[in-house]
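Since the structure comes first, as structure tokens, the remarks are kept for the end.
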Amino acid sequence: PYGRSSNLSYGISLQLQQTTSNKFIYGLQIGYELLSSKVDLYEVLSEEPVYAWDTSKSFITLSNQFINLNPYIGHRIIKDKLTVDLIAGADFGFCLDSQAKVDVTNSRGNNYVINADRDKINLDIRPRVGATCFYKNYGLSIGYSFGLSNYSKTINEPDDKIYSRYFRIGLAYRVSL
């Protein structure tokens with residue numbers, strides 16, 4: 001939820017799912033996520049007037065760690081050897097930690113890095129849609145979620161509205177119980 005540039009983000013989850021005889025799906029996904037975004041700095045204000053700041057090498061990264069619960073419903077489509085699960089639900093992201101990293105370089109090549117704990121949002125509720133295409137037990141999943149919680153209060157931007165938006169791509173392996 002900080003800037004429009006994505007940064008390395010990852011997660012791992014366990015999914016419990018039931019499919020009825022008429023191909024209706026319901027389930028729950030539980031997981032851990034480290035979600036990160038990045039914004040480039042175009043101006044650095046400093047008490048160091050002697051050297052200019054090289055903003056082409058300066059950025060801020062915000063990383064949030066979440067425990068995520070995703071109850072969902074959906075429909076299964078079977079076509080030849082492929083199975084496609086179309087789902088809709090909501091992520092309930094419980095934030096464990098929020099970190100900001102400021103990385104700036106001046107014109108002489110001196111690099112300064114500041115790591116700071118950030119105020120965190122306790123819960124981000126994110127409506128989510130997704131699809132997983134399976135061949136045998138192997139799957140490729142895609143999804144999109146958009147947060148309803150305004151992050152602006154956690155980064156001292158009282159006049160802005162800052163919401164999370166996540167596009168996910170993942171691999172899945174299905175185990176039948």
Hey, what do you get for OG (Ser13) to OH (Tyr32), rounding to the nearest 0.5 Å? 13.5 Å
Can you give me the closest heavy-atom contact between Cys95 and Ile121, atom names plus distance? CB-O, 2.9 Å
Quick one: pull up CD1 in Ile30 and CG in Leu16 and give me the separation to the nearest 0.5 Å. 6.0 Å
Treating Ile, Leu, Val, Met, Phe, Trp and Tyr as nodes and any side-chain heavy-atom pair under 4.5 angstrom as an edge, say whether Ile114 and Val104 lie in one connected cluster. yes
Within the 4.5 Å heavy-atom criterion, are Ile12 and Glu33 side-chain neighbours or not? no
Testing the basics here: between Leu148 and Asp124, what is the closest heavy-atom pair and its distance to 0.1 Å? N-OD1, 3.6 Å
Heavy-atom nearest pair, Gly93 first then Arg126, reads CA-NH2, 3.9 Å
Are side-chain heavy atoms of Ser164 and Leu35 found at a separation under 4.5 Å? no
Quiz: residues 128-139 side-chain donor-acceptor pairs under 3.5 angstrom, not counting sequence neighbours:
unit_1	atom_1	unit_2	atom_2	d
Arg128	NH1	Gln29	OE1	3.3
Arg128	NH1	Asp91	OD1	2.8
Arg128	NH2	Gln29	OE1	3.3

Output, in order, the C-alpha distance, side-chain angles, deciding distance and verdict of side chain to side chain contact (heavy atoms under 4.5 Å, CB included) for Leu96 and Ile67. CA-CA 7 Å; Leu96 302 174; Ile67 293 294; 3.7 Å; yes
Report yes or no: does Ser145 contribute a side-chain atom to a donor-acceptor pair with the main-chain N or O of Pro127 at less than 3.5 Å? no
Look at the side-chain heavy atoms of Ile, Leu, Val, Met, Phe, Trp and Tyr, link any pair under 4.5 Å apart, and say whether Leu123 and Leu69 land in one connected group. yes
The reported gap from CD1 in Ile73 to CG in Leu86 (rounded to nearest 0.5 angstrom) is 12.0 Å
Can you give me the closest heavy-atom contact between Leu62 and Ser98, atom names plus distance? CD1-OG, 3.7 Å
When rounded to the nearest 0.5 Å, the distance separating CD1 of Ile87 from CD of Gln17 is 7.5 Å
One pair to check against side chain to side chain contact (heavy atoms under 4.5 Å, CB included): Tyr173 and Leu171. What are the steps and the verdict? CA-CA 7 Å; Tyr173 183 76; Leu171 300 175; over 6 Å; no
Determine whether Ile125 and Phe66 fall in the same hydrophobic cluster, where Ile, Leu, Val, Met, Phe, Trp and Tyr are linked whenever their side-chain heavy atoms lie under 4.5 Å apart. no
Taking it one step at a time, do Thr83 and Arg174 satisfy side chain to side chain contact (heavy atoms under 4.5 Å, CB included)? CA-CA 11 Å; Thr83 303; Arg174 181 168 47 192; 4.1 Å; yes
Return a table of donor-acceptor pairs under 3.5 angstrom between the side chains of residues 18-25 and protein atoms on other chains or two or more places apart.
unit_1	atom_1	unit_2	atom_2	d
Thr20	OG1	Asn22	OD1	2.4
Thr20	OG1	Phe24	N	3.1
Thr20	OG1	Phe24	O	3.4

Just verifying a value: how many Å separate Arg165 CZ and Ser37 OG, rounded to the nearest 0.5 Å? 12.5 Å
Using the side chain to side chain contact (heavy atoms under 4.5 Å, CB included) criterion, which residues pair with Ala90? Sequence neighbours excluded. Phe92
